[in-house]
Every structure is written in structure tokens, then in C-alpha cells.
Amino acid sequence: MKVKVLSRNPDDYVRETKHDIQRVPRNYDPSLHPFEVSREYTRALNATKLERVFAKPFLASLDGHRDGVNCLAKHPRSLSTLLSGSCDGEVKVWNLTKHECVRTLQAHEGFVRGMVVRHCGTSFFTIGDDKTIKHWKMEAPGYGEEEEPLNTILGKAVFTGLDHHQKNAVFATCGHQVDIWDEQRSTPIRSFTWGVDSFSSVRFNPVETELLGSCASDRSIVLYDMRESTPLKKVIMTMRTNTISWNPMEAYYFTCANEDYNLYTYDMRHLENPVKVHIDHVSAVLDVDYSPTGREFVSASFDKTIRIFPKDSANSREVYHTKRMQHVICVKWSADNKYVLSGSDEMNIRLWKANAAEKLGVLSPREKQAIHYSQKLKEKFQHHPQIKRIARHRHLPKVIYHQKNELKVMKEARRRKYVSSFIFFYFLQAAQGRNDGNPPLPSFKGEVAIWASARVKV
Amino acid sequence: MASPGEANANVSHVEKKKKRPVRYWQGTEGKAKDDSKTEGQPEQQKRQQNRIKKKRKRDEQPDGGKKVISGKSDPFPGPPPIPKGKLEKFKRKGEIQKPLQHHYKLKDIITRSEEASEMAQKQAARFDLLLPEDAGFLEGDEDEDTCMISQEDIADAVDITSGAKHFNLKLCQFGPYRLDYSRTGRHLLLGGRRGHVACVDWQSKQLMCELNVMESVNDVKWLHTEHMFAVAQKKWLYIYDSNGIELHCIRKFNDVLRMQFLPYHFLLATASATGFLQYLDVSVGKEVAAICTKTGRLDVMCQNPHNAVIHLGHPNGTVTLWSPNQKEALVKMLCHQGGVRSVTVDKTGTYMITSGMDKKMKVFDIRAFKPLRSYFLPTGASCLSLSQRGLLSAATGDIVQVYRDVWSTPVTKPYMAHRVRGSVWGLGFCPFEDVLGVGHGEGFTSMLIPGAGEPNFDGLDANPYRSAKQRQEWEVKALLEKIQPELITLDPSELGYVDRATFEQRHQDRVEALGFDPLGKEKFVPKHKKKGRSSAAGIERRKRQVAHEDQRDVIRKTVEDRMKLEEERNRMKEKKAALSGKRSALDRFKK
């Protein structure tokens, strides 16, 4: 007789001393782990719920301005530095880690319209309603020294926007025209106009560094090449665009914040149609900024909210609001892709997490792994109705909630009207015998085409 | 090839390409080459060799092996092969059918997820080789039957700790006994018919509690941990903790005869003498479902560990399958001619084994609901139990028989047999041990059945050696991922499939959105003609005419389509023929 009976040595399965970690022998045999899918689903559901529980995006509010914050500027070299300009001409430099203002200077009389830090990070430019461009040092003046700009240029008209070249000592302003300036000269080296209008914002392309985009008050977006004497391209929209922002990774895309509550992402090479229309805001969109990864962007709106959109999605992934935040004028995405900064009408700058449920601080490897796992699970089960519902749920202020519904109704009514007119047109053509089988207008949606053809058959 | 000297002569100061710097040994080589007058050839050969080497490096051909600096080649290059059977064990489902349309993003996602799952499968299979324990076995000498080997012989032959796992508890006062092992296999719960309830840490033989409930006990069951157990008493269902303190008396559950605990759902399913199947959620203490089965007294019950469906056996020979979400049985199977005495399901949820009053024991495939094998036992089996590795124990009177491979090969002899005192009342294999517990009229017997238990447990699921802290942690995690009772279905992986809305559903949505049916055909209503020309026969004729026309249209269309297809096929054939007829540039190398 040959016999073997299972006989385990407990020493192989129990830790030796109290100071060791517990031994966990694993066996991945699927038959020992029944209900795989249902358990994963439950885990995914829990992870989604926890994400909503931990979604506390608001981190800090930086107060100190005595008027609304009109512009923000990121420091290209230092993550903890932020510059802000307010409507009373004051510029503040902030230390974000300490949540405190490190320097205040009265830069202009009237609004500070634009601000940009030079690529080296040692100085910055401001423009204001007093028709001046000022060049400031980043360091605070020493004891007893007076706060003075390095250089002041007096322009002919009010400047409304400012951006600096990525590498060269060249910057661009806009106002009545788009001007390209050399830092060493007091007159623009080049000026662009296309019709009579005023411009509201100008931005350099981050990759093709000689290219610029600007938006004008005649509802147009104009692209320029700095090396040429005339503008490149122009697209005219139905309403005015407030700001544009280039995608830093795919720099042929840019997104513009429009007065008609929407954001439009364009491909620079094909301006006929936008690549994507981003809806969800219920009032004019005032500012937009891309994340450094180029996957998402944040938009600030007159409806007192900030929204974060994935670059190829029509709807926002996240909406941030507080009871006290008023119209958000400017917004920036921090260079480490973790935070969003917003400046609003009621004099505050707010610091938000870019990912609302993210845990800040150093994570242990096990924590990281758990987060990774739950993220993957959420991804896997994201289309299940219950999980989708929880993941999508956001609290909205009452006003915005109702306005959103109202807009939906309006949109539906417009669609219906369009469809009916379209069908009428179709019938008209059919009656006149000019129907060659193709619908005369681009079909609004697949359904309409089906409907129309069905009716014609009857 | 020009000699270095000549090359120097041609060099001018506006030379575009500078000559590559030459090392001293290369120079001498060149000279040597010049001397031997084998111009070009060695260089070419060298280049070729280099190319081959590079290619090898790129491909990492398994037969060639990678050259290391020492010049030795790896005799076992590449990743070690994995046995196919091992890989198959971890396979979840077949390959996903890729959509025919040009959904490049979807295709990409599918390929990537497939790659990931394949990698996981391989890793799991590799890891399988490292598992520390092997399963037990029992082999007789030639002309010795394994079923003739007595328990005492086995206990003597094995090591002392294993030998101690065979023991008898003589409890003749309150018998016969039912029993239940906890999910880790460390704890044993005994319930005597006449009120004796005891829980024991059976490996250390430590008594945790012992009480007499002063009532008849129908069944006992551990709940999710070894700290709570349920006892079905004469009237109500009671829950005790491991110290023997009564925690709950659940009056909603009366006359319970058999119980099953679904560990991943935290559900206690009870079958009562009044014909009710009830589910109790033990994590929140609520009744989840109460189903009136309308089949009389329910005293045969088991669970399918694969999908948490409850199987009930009935006196009319049927076995019914139940989930808490449905008031009717999911399946009704007629299994025996007499009543069903016992049912059990294997852990993969593939086979169900039943025994009946007709003295037969039958094996069913419960995925297809088909009988596989039928055995005749002279006395009939009163209790059945399956072990983790698929050994079947059947109690016939006072004899416990253990069978091996009941479903794959027709079995003639038992693997092991043992006679206990008094008729068997409860039977159960201990998880992760080679032990079979038998509860009978005279007490309890623990038998050694080599090869019954799963040798390697998973520490995160059911760990027999877990500490109190580990148990607490496990409990929290298990409660967090408690599966909702709504998810109990016959196919537990249903949740993971793509929900293809059926054509009807989609069509219905479309009809709703449009307000009419775009595919619907309008019914022909013949016009009513006056002056007596609308006779019933005429109407019918006109209808038939229209129908005929419609049919002709359909036929015409199908014929046209077929012609088109045929043409297309012919064109393709011609194209292919033309292509194959043409002489390709590479044809001259053909022999």
C-alpha cells in the first residue's frame, strides 16, 4: 500500500515572529475563485462610490486682491509660483505651497489685461488699460529699492492680450491689431490686421513656435505666421470667441472659448468644421487652458463654474463650483498636471485638484497598486448602468441645473423645427421631381434620414 | 577595391566625407588583405556575417541562442515553455469575435485586452508550477483493492499528525448527527438530532462550545466565519456565536429542515417543512426572498458553488433549481422514479449527482441538463457529498463509500469504504484536508480519504492558518464585495458579456423615437367600390392580386441580388485567374 495524505507544516504558512509580515500563499486556480465577474463588478461599484465620496476638489483660496482677478500667469520654471493681475492694476506673486502672497506691485492704472512670464522665468510682462507694456523682474526689489519696471513701452491704443514666444526674445500683443515686439525695441517689429476689429486674445503655438492664433471681436479667429507679413487663415463663427488655447501635445489643435456657451476644438489645417464642440456650460465661456498632457482642458465660464473636458468628448467630465465663487474670469492648469487655478470676480484665486478624488501626498506602493486596480475596474465596468449613473452624478447649483434643462428644451425645439423644415424641403424637391435620391441638406441625424425616406415611400 | 594609397592620392581639401579613422590593427589587416590579393571578398563575407548576427540578435532565435561575451550560448534560450494543460486551466473564455466593420479603435482595444489576458493566463500558469503542496493519493499493491484498506491501516501508515485526523467521537446519547465544516476547514460543527450542538477546532481537538438546545435540531451551518453558526431547531431558526450564546432567534424562518450558506452573497438559504425556500441576508439580517415552492416538505437541498443556485430534491423524483430573484423554479428536472434522497453539485458547477428511492445514483451535466451516467447501489445512497478534488462519498445505510471519477469513467468499485456504527445522517468533506466527516447515530467519525482535499489554498480567500487580524481584514473585505442577490443567475459570468440589445429592443426604441414603424408594411385595404362591384370574392381577389405582386417584387429582388453576387464572384475569380496567370518577377527562381 502506498499512501500520501495532505499534511502541511504550519511553519510554512505562519510567520515566524511577530515582526514579520503575514504569509499569504496564493493559488490562482479559477475554480477556487468563483463569481469572478460579479465580485469584480461589486468592487468596481464600490470603487466608483468611493471616488464620489472622496471627490473633494477644492484645496485653497488665495485672497488678497482688492478687485476681481483678471488674469493669471504660470511660472515656466517654478511649480509653486503663480502670478495674478487684478482689475485695479495690482499684480501679485503667490507661493502656492504656502498659500501666501510673496510680492505685490501696482503695475498699471486700470485693469491688468494680460500677463506672461518670460520662458527663462526671470522676468515677466504685463499690459494694462493705461496703454503700456511693462517688463518686470521676477525677484522682488531689495530693501530700500523702489519697485520699478525694467522697461515700459507706451502704446498707441489699449492692449487686451499678451503672449511670449517659447524661445526667442519676442512677444505678441493684441488690441486694435496684433503686434509682434522685440524685447529690445519700443516699436513693434510687425503688425497684422485683417479688417477693422479689435482682438481679445493672442496665443503662440507651443510647437510651431512662429505661429500665433488670435480671436477678434468680429467673431473671427485668425492665425498668423510671424515670419510672414500677412495673416494666414481666418474662420468666422456665429458668436465672439473670448480666448483660445493650443493643445501642447498635438499643437495643430486649438480650443476656443466662445460666447455661445460652447467651446470649439479646431484642427488648424481644416478650419471649415470644428473637430469637436464641447457643450455643458450655460453661459459665456471666458477662458480655457489645456493640461500639459494635452488630454484634457479646463474652461472658466460666466455661469460661475469651471468645467474639465476630455479633449475629444462633447461633455465635461467634471464641474467645479462653490457657493461663493462668482463669474470665473481666468483659469490655468498647473504644469504638473495636478491642479487647476481659477481667478474670479470676487477677488479670490482658487486652487483645485485636477482629479477630484485623487489622494494628495506620497503614496505607498500598495496604495498605488490599489488605486491602479480600482481605476482599471472602473474602466472595465464603466458602461454598466448603475456604475455609469454614479460616476456621472454631479451636484449642480439650482440655477445652473434649471438653466441646463431649459437649454436642453430649447435645443430640442430647434432640432424639431430644423427637422420639419428639412422634411418639407425634401417633399418640395420630390414634388418638383428633382429628387436624385440624396437628401438635399446634410442629414441632421441618421434618424431623420430614415424618417424622411419612410415618409416619401408612403 | 582601391588600396589606401590610391585613396589618399584622390583626396582633396574639399572632400565631403572624411575617411573613417582607422585603428592600427585594421590598417595592418588591410595591408594583409592587399598582400593576399583577395580583394573585397572577405570584407563582403564579414559584412554578411555581421548582418546575420544582427538579425539573430533581433529575432532572438530560440535555436541559435544569444551569444554572450564569454562565447557560450544559452542552451535554453527564450522563456520556458508552459504545458498546454496548465494554460487551459486558466483560460476564461474563447477568443472574442472581432467586429467585421472597420472599427479600428474597438479592434485595438480588443487586441490589447486579449494580449493582457493572455499574459495573465501565462503568468498564472507559470505560477502554478511553484505551488508547494501535492495532492494525496492511495495506491494498493497488486491484488490489493484500495477499498479493502481499513482506516486504521491508513492512520498507521501516515505521519502522526495526519494519523490523528482519523478519530471517532462516541456520542450515542443525542445522535444521529449532522455536521458542517467551516470554509477554511479548521472548525467542525456538530448538531445532534436530540438537541446536542457542539463546535470544535477539530485539528487541535479543542472544544469551542457545547450546548444542548433542549429541542430537536434539524440542521446546523456555519455562517461566514467560525464565530457564528445557524441552527435549525424544531420551530425557529437560531443563530449562536462560537461561545454558545444565542444571538438571534429568527421567527420568520420556521420549521427549517435544511440550510445552505452562500458565502460570497452572505445568504443563508433555508428549506422548510412547509415548502418554503427562504433567503436570509446574514450581513444585514433581512429576509431577501421567501419562495413558496408548492412541492411539500423540503428535506433535500444543496447549493451549486459555481453559481449559487439552490438545488432542491422532491419526493416525486424531480430536482428543482432556484434563485432568490424568481418565484418559480429556474429548472425542473425529473431525475428519479422514486423520491430524491440526496443531491450534490461539484465545485465547477458542471456535474450534479443525485440519489433516489429507486436505489440509483445518477450523474447529470447541469450545464446541458443531460444525464451522463447512472449507477445502481443495492441499498441506495442516503447522503452524498463531493470533495474539492471530485471524490464522491455516498452513505448506504451504515457504510460510507467513496468513489473516484464518477462522471468520466463508469465506476464498478468504490475507491474506499468504511463501516460506521449506526446509520449515517450527515456527511461532509473537509475543505483543504484529506478528511471526510461522517455523522451517524453513534456520534461522529473522521475518516482519512487521501486525495480528497485541494492541496493549495488561496491565502486571500480561505486561509486555514489565518491569524485573528487576518480574519478581521478578510471579513471586512468580504463584506465590502458582497455580491448582491440580484446577481444570482445560472450563468455567473453573464455580467461580463457585451449586452447586445436585441434587434427587437432596438427596433422598438426606434419606433418609439419616430412615432411609427419604419419597417412596418402597410396592410392593403381594398377600396370599397359601389354599385355592387365590391363583392366579397372581388375583395379577396384584389387582395390576392396585390399580395401576388408584392411577392413577385420580393422574388425579383432576390433574383437580382443573387445575380449581382454571382457576377461579383465571377469578377473576383477572373481577377484571381488573371493574377495567377501573369508571370511574376520572382517566378524565375521557381524550379
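Below, chains carry the letters A, B, ... as their sequence lines are ordered, and counting in each starts from 1.
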Does [X] use its side chain to pair, donor to acceptor, with the backbone of [Y] at less than 3.5 Å?
X: A/Arg8; Y: B/Pro455; answer: yes
X: B/Asn307; Y: B/Pro492; answer: no
X: B/Asn325; Y: B/Ile488; answer: yes
X: A/Arg23; Y: A/Ile21; answer: no
X: B/Asp434; Y: B/Gly453; answer: yes

So what's closer than 4.5 Å to chain A heavy atoms on [X]: side chain, backbone, both or neither?
X: B/Phe137; value: both
X: B/Ala308; value: both
X: B/Glu144; value: side chain
X: B/Phe127; value: side chain
X: B/Glu454; value: both
X: B/Lys165; value: side chain
X: B/Pro305; value: backbone
X: B/Asp141; value: both
X: B/Ile149; value: side chain
X: B/Leu131; value: side chain
X: B/Ile483; value: both
X: B/Gln470; value: side chain

Would you mind telling me which of [options] has the largest number of heavy-atom pairs within less than 4.5 Å of chain B?
options: A/Thr42, A/Val37, A/Asn27; value: A/Asn27
options: A/Glu36, A/Lys2, A/His383, A/Glu40; value: A/Lys2
options: A/Val5, A/Val24, A/Asn46; value: A/Val5

Between [options], who has the most heavy-atom pairs with chain A when the cutoff is under 4.5 Å?
options: B/Val158, B/Leu460, B/Leu487; value: B/Leu460
options: B/Leu495, B/Leu138, B/Asp128, B/Thr146; value: B/Leu495
options: B/Asp153, B/Asp134, B/Ile449; value: B/Asp134

Taking atom types as modelled, is there a side-chain donor on [X] or [Y] under 3.5 Å from an acceptor on the other?
X: A/Tyr28; Y: B/Asn456; answer: no
X: A/Asn315; Y: A/Ser313; answer: no
X: B/Asp491; Y: B/Ser493; answer: yes
X: A/Arg43; Y: A/Tyr373; answer: yes

A/Val14 versus chain B, heavy atoms under 4.5 Å apart: side chain, backbone, both or neither?
-> side chain
Pick one of side chain, backbone, both or neither for A/His384, based on which atoms fall under 4.5 Å of a heavy atom in chain B.
-> side chain
Contact summary for B/Cys430 and B/Gly185, nearest pair of heavy atoms = SG-O, 3.3 Å
ring-ring contact (aromatic ring centres under 6.0 Å, His included) partners of residues 139-158 of chain B, not counting sequence neighbours, each pair once = none
A/Thr265 versus A/Lys311: any side-chain heavy-atom pair under 4.5 Å?
-> no
